[in-house]
Number of protein chains: 2
Amino acid sequence: MKRLTLEEIGQIAGVSRSTVSRVINGHPNIRPAVRQRVEDVIRQTGYQPNSAARSLASSQSRVFGLVMPSLMQSAFADPYYPMVIQAISHACNQHDYTPALFLFQTLEEEEKTSQRIVASGMIDGLIVTADTIESTFVSKIQQYDIPFVQIGRPLQSSIAEISYVDVDNEAGAYLAASHLIQLGYRRIGQLATAHNIAGAHRDAGFRQALADRSLPVDESLIEVSDFSEAGGYDAMRALLERGPEAVFAHSDAIALGAIRAIRDRGLKTPNDIAVVGFDDMPLAASADPPLTTVRQPIYRTGTLAVETLIDIVKTSPAPARHIVLPVELVIRASSGAVN
Amino acid sequence: MKRLTLEEIGQIAGVSRSTVSRVINGHPNIRPAVRQRVEDVIRQTGYQPNSAARSLASSQSRVFGLVMPSLMQSAFADPYYPMVIQAISHACNQHDYTPALFLFQTLEEEEKTSQRIVASGMIDGLIVTADTIESTFVSKIQQYDIPFVQIGRPLQSSIAEISYVDVDNEAGAYLAASHLIQLGYRRIGQLATAHNIAGAHRDAGFRQALADRSLPVDESLIEVSDFSEAGGYDAMRALLERGPEAVFAHSDAIALGAIRAIRDRGLKTPNDIAVVGFDDMPLAASADPPLTTVRQPIYRTGTLAVETLIDIVKTSPAPARHIVLPVELVIRASSGAVN
DNA sequence: ATAGATATTGAGAGCGCTCTCAAATTCTTG
DNA sequence: CAAGAATTTGAGAGCGCTCTCAATATCTAT
C-alpha cells in the first residue's frame with residue numbers, strides 16, 4: 001500500500017495541496033461542495049497525513065510524555081501506577097494525543113533519556129509523577145520551556161509555578177485516623193512511607209486528627225515501609241512488639257501485608273488489631289477481612305492530568321493549575337466498624 | 001533557551017551542516033580533529049537534533065508502539081502487564097527508542113486510533129500483546145507493511161508469518177500438573193482462563209500431563225475464570241462443590257483467590273486442597289501459604305520483544321522470528337510438597 | 001615534484017506538511 | 001450591471017534534517 005501525500009490527494013480531488021490541508025485541519029472558508037469532494041477522496045484512499053512532516057511544519061507533535069522518574073522496581077507492583085497509565089492512555093486516545101512512556105529505574109537512565117526527549121521537540125508536554133522527594137527531574141525540566149503537569153503535589157519551594165493534579169492525602173489520612181479514634185482505639189500506629197510527598201501529607205493528616213482530639217502521637221508506633229505488601233508485612237511485624245490497637249497504613253498493599261503479619265502472629269483483624277488502608281484498590285474489597293480504606297480517584301487523576309496539560313499547551317504561557325481531588329473513607333470490616 | 005539547528009552548530013564549529021550531520025550519525029571519514037571540534041560544540045550547546053525533521057528526512061522515527069488491544073479493565077490489575085511494560089520501556093531506553101503506548105479498552109477506541117498510528121508513519125514498529133483470541137488487531141495490521149512482533153503466540157492460522165516471543169505455557173502447565181500427580185493427588189482441578197491462547201496452551205499441557213500417566217481428565221473439575229483474584233475466588237467456590245484434591249490455576253492471582261475461597265470454606269491449603277499457580281509474581285512468595293507456581297520470565301519476554309523488533313526493522317524484509325522461553329516450577333508450601 | 005588514488009567536505013535537492021500572501025472567484029449593493 | 005467587499009483558492013517559501021554527488025584536500029608512489 002503506497003503512502004499518499006497531500007499533493008496526490010489534491011490531484012485526485014482536483015484541488016491544490018493547500019485546500020486539502022485546510023479540509024484536514026478543519027479551516028473555515030471552504031465551499032461545502034469542495035470540502036465534501038476532498039473528504040470523500042480521503043476516506044476512499046485511507047489517507048493519513050505524515051506525522052513527521054506535520055510536526056516539522058507546525059512544530060507540534062501531539063505527543064505527550066508520561067514520565068515516572070526514579071521508579072523503584074517495587075512501585076510498579078502496586079496497581080496505582082498501572083491505573084494511572086491506563087487513565088492517561090485513554091484520555092490521550094480520546095483527544096488524539098499519543099502518550100510516550102518514560103520509566104526511569106536509575107538516575108543514569110533518567111539523565112540519558114530526559115535530555116533527548118525534552119530538547120528534540122518530539123514532545124508537546126509532559127506528565128510527571130512525583131514520587132520521591134529526592135527526585136530532581138522536575139527541577140531539571142523547569143529550565144526548558146516545555147509545558148508539564150505533575151501528578152502529586154510538588155515540593156513547597158516551587159509549588160506556585162508548577163501545575164499539578166493531586167488527591168487530598170491529608171484529608172484522607174485525617175478521615176482514616178478519626179475513624180479509628182471514634183471507634184475507641186487509642187494506641188493507633190502508622191505504617192508510613194518515607195521519601196514521598198504523599199506520604200508526608202498522609203502523616204500530617206494522621207497527626208492532625210490525633211491533635212484535634214488532644215491525643216498524643218506515640219512516635220514508637222510509627223513504622224516506615226515501602227509501598228509493597230512485603231514491606232507492610234515487615235513493618236507490621238516490628239510494630240507488633242509495641243502492641244498497637246489499630247494501624248493506619250499508607251497504602252492497601254501495605255495494609256494487606258500488615259494483616260498477614262497479624263495473622264501470622266496468631267492475632268485477628270480487626271478483633272485484636274484494626275487496620276485501615278489507603279487507595280481502595282480492587283483487591284481491598286475482597287481481602288480477608290475486607291479492607292476499610294481511603295478511596296482516591298486514581299483514574300480521574302490521570303484523566304485530569306491529560307486534560308490540564310492540553311489546556312496548558314493551548315493557552316501557553318499560562319498560569320499554573322492546581323487541582324486537588326477529594327477522597328472518601330470506605331468502611332469495611334478490617335477497622336472493626338462493621339462485620 | 002533558543003533551539004539551535006544543525007546549520008548553526010556548523011557555523012560555530014566552522015564546518016558545514018553536512019559535516020555536523022555526519023558527526024552526529026557516526027559516519028566514517030571525518031578527520032578526528034574536526035569530529036572533536038564538532039562534538040565539543042554539541043556538548044557545550046546541549047544541541048539536540050529536531051526529531052520531526054529527522055523523521056521526515058530519514059523516514060524513520062525511532063518510536064515503537066506498544067499495543068494492548070481489547071484490554072479488559074481487570075487485566076491491568078494483574079502485575080503481568082505492568083511488568084511487561086516496564087521491561088519494554090527499559091529496553092527501549094537502552095536502544096534509544098521511544099515507546100508509545102496504545103491501550104484499547106473498546107473496539108471503537110482500537111479502530112479510531114490504530115489507523116492513525118500505522119498509517120501516519122509515526123511509528124517504526126509495533127509490539128502487540130496477544131490476549132484474546134477474538135482480537136482482530138493483528139490481522140488488521142498485517143495488511144500494512146509495518147514491522148511488528150507479538151508477545152504470546154499467534155493463532156495457528158498465521159503463525160508462520162508472524163514474529164513472536166512467547167513462554168512455554170504448555171510445558172509449564174505440564175510441570176505443574178505432573179508435580180501434583182507425583183504428590184499423589186488424583187482429583188486434580190483446573191482454574192482455567194478462556195479466550196486467550198496462553199490459556200489454551202496451559203490447558204493442553206495440563207491434559208497432556210494427565211494423559212501421560214493414563215489419568216482421565218474430569219471435565220467437571222475445570223472451572224473458567226478471568227485473570228483476577230476475584231475471578232479465582234468465584235471459580236474455586238464453584239469447584240469446591242465437586243471436591244477436588246488439588247487445583248492448577250492459570251495465574252497467581254487466580255490461585256490467591258482460590259486459596260481465599262478454600263479458607264472461607266473452613267478448609268486449609270495445602271492440607272485439604274493443594275494449589276499451584278502460574279507466573280511467580282512477587283506476591284507469590286509471600287502469600288499465605290507461599291505459592292507453588294510456574295515461573296515465567298516476564299521481564300525477559302519484554303526485553304526480547306524489543307530486541308527482536310529492532311532486529312526485524314534493521315533487516316526488513318526479514319523472515320519471522322519465533323522465540324519460546326522456558327519456564328520453571330517453583331515449589332513452595334501451597335502444593336503440599338514442603339512446609 | 002606530480003599524477004592518480006583516496007579521504008574529507010560542502011552544496012543542493014528533497015522529505016510532506018503548514019502558513020502567509022496574493023490572485024481569482026463569488027457576492028453585495030447602488 | 002459595474003465596482004467594491006468578502007470569500008475561496010493556489011503558489012511559494014520554509015520547517016530542520018538526510019543523502020547523493022561533485023568538489024576539494026590529502027596521501028601515495030614514482
Side-chain angles (χ1 to χ4, degrees), chain A residues 1-39 41-42 45-63 96 116-124, chain B residues 1-39 41-42 45-63 96 98 116 118-124:
Chain A
M1 209 181 299
K2 200 240 161 189
R3 211 153 273 171
L4 295 169
T5 70
L6 260 196
E7 194 74 56
E8 296 169 307
I9 297 294
Q11 220 138 51
I12 300 175
V15 296
S16 75
R17 188 174 25 119
S18 309
T19 300
V20 181
S21 173
R22 286 190 185 97
V23 170
I24 286 174
N25 295 295
H27 289 190
N29 298 342
I30 305 203
R31 264 183 313 167
V34 175
R35 162 165 281 137
Q36 192 52 247
R37 192 147 37 91
V38 172
E39 278 171 351
V41 174
I42 290 175
T45 55
Y47 168 75
Q48 205 60 27
N50 178 295
S51 68
R54 262 189 143 172
S55 299
L56 182 57
S58 68
S59 53
Q60 55 151 344
S61 63
R62 294 199 79 84
V63 173
D96 286 320
R116 177 166 58 94
I117 61 181
V118 179
S120 69
M122 158 198 284
I123 268 165
D124 284 352
Chain B
M1 210 181 297
K2 200 241 165 191
R3 210 153 274 170
L4 295 170
T5 70
L6 260 196
E7 194 75 55
E8 295 169 310
I9 297 295
Q11 220 138 54
I12 301 176
V15 295
S16 77
R17 188 174 27 118
S18 308
T19 299
V20 180
S21 174
R22 287 191 184 96
V23 170
I24 287 174
N25 294 295
H27 288 189
N29 298 341
I30 305 203
R31 262 183 313 168
V34 174
R35 161 165 281 136
Q36 192 54 247
R37 192 146 38 92
V38 173
E39 277 172 350
V41 174
I42 290 175
T45 55
Y47 168 75
Q48 205 62 25
N50 178 295
S51 68
R54 264 188 142 171
S55 300
L56 182 57
S58 69
S59 55
Q60 56 150 347
S61 63
R62 294 200 78 85
V63 173
D96 287 319
T98 297
R116 178 165 58 92
V118 271
S120 69
M122 160 197 284
I123 268 166
D124 285 351

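Each chain gets a letter, A, B and so on, in the order its sequence line appears, and its residues count up from 1.
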Regarding the side chain of Ser58(B), the nearest nucleotide among dC17(D), dT9(D), dC19(D) is dC19(D)
From CD1 of Ile42(A) across to P of dG16(C) the rounded distance in Å is 16 Å
Exercise for review: May I ask you to evaluate whether Arg54(A) reaches the phosphate of dT18(C), defined as a side-chain N or O under 4.0 Å from OP1 or OP2?
Suggested key: yes
Atom CD of Glu7(A) and atom P of dC17(C) are separated, to the nearest Å, by 9 Å
| query | Do the side chains of Met122(A) and Ser61(A) get nearer than 4.5 Å, heavy atoms only? | reply | no
Decide side chain to side chain contact (heavy atoms under 4.5 Å, CB included) for Val20(B) and Val15(B); before the verdict, give the C-alpha distance in whole Å, the side-chain angles of both, and the deciding distance to 0.1 Å.
CA-CA 7 Å; Val20(B) 180; Val15(B) 295; 3.8 Å; yes
Of the candidates dG10(D), dC19(D), dC17(C), the side chain of Ala57(A) sits closest to dC17(C)
Note to self: Checking Arg116(A) against Thr98(B) for the side chain to side chain contact (heavy atoms under 4.5 Å, CB included) test, could you report, in this order, the C-alpha distance in whole Å, the side-chain angles of both residues, the deciding distance, and whether it holds?
What the structure shows: CA-CA 10 Å; Arg116(A) 177 166 58 94; Thr98(B) 297; 3.3 Å; yes
| Side-chain (Arg37(B)) to main-chain (Ala13(B)) donor-acceptor, under 3.5 angstrom | yes
Exercise. Counting just side-chain N and O atoms, does Tyr47(A) come under 4.0 Å of either OP1 or OP2 of dG16(C)?
Worked result: no
What does Thr19(A) touch in the nucleic acid at a heavy-atom separation under 4.0 angstrom: a base, only the sugar-phosphate, or nothing? sugar-phosphate
| said: Mind checking if Leu56(B) touches a base, just sugar-phosphate, or nothing, with heavy atoms under 4.0 Å? | reply: base
Between CD of Gln48(B) and P of dC17(D) the distance, given in whole Å, is 10 Å
From CD1 of Ile30(A) across to P of dA24(C) the rounded distance in Å is 20 Å
Rounded to whole Å, CD of Gln60(B) lies from C1' of dC19(D) at a distance of 13 Å
Against the side chain of Arg31(A), the closest entry in dC17(C), dT8(D), dT9(C) is dT8(D)
Practice task
Answer yes or no: is there a side-chain heavy-atom contact under 4.5 Å between Arg54(B) and Asn25(B)?
Solution key: yes
Ranking dC17(C), dT7(D), dG10(C) by distance to the side chain of Asn29(A), first place goes to dT7(D)
Q. Is the base of dT18(D) touched by the side chain of Arg22(B) through a donor-acceptor pair closer than 3.5 angstrom?
A. no
Margin query: Should the side chain of Ser16(B) and the base of dA11(C) be counted as holding a donor-acceptor pair, with the cut-off at 3.5 Å?
Written below: no
From CZ of Arg35(A) across to C1' of dT7(D) the rounded distance in Å is 13 Å
Whole-Å distance, His27(A) NE2 to dT9(D) C1', equals 14 Å
What about Arg17(A): does its side chain form a donor-acceptor pair under 3.5 Å with the base of dG12(D)? yes
Closest to the side chain of Asn50(B), out of dT9(D), dG10(C), dC17(D), is dC17(D)
When rounded to whole Å, the CZ to C1' distance for the pair Arg62(A) and dC17(C) reads 15 Å
(request) Describe the nucleic acid contact of Leu6(A) in one word from base, sugar-phosphate, nothing, applying a heavy-atom distance below 4.0 Å. (result) base
Shortest non-hydrogen pair, Val34(B) vs Thr19(B), comes out as CG1-CG2, 3.9 Å
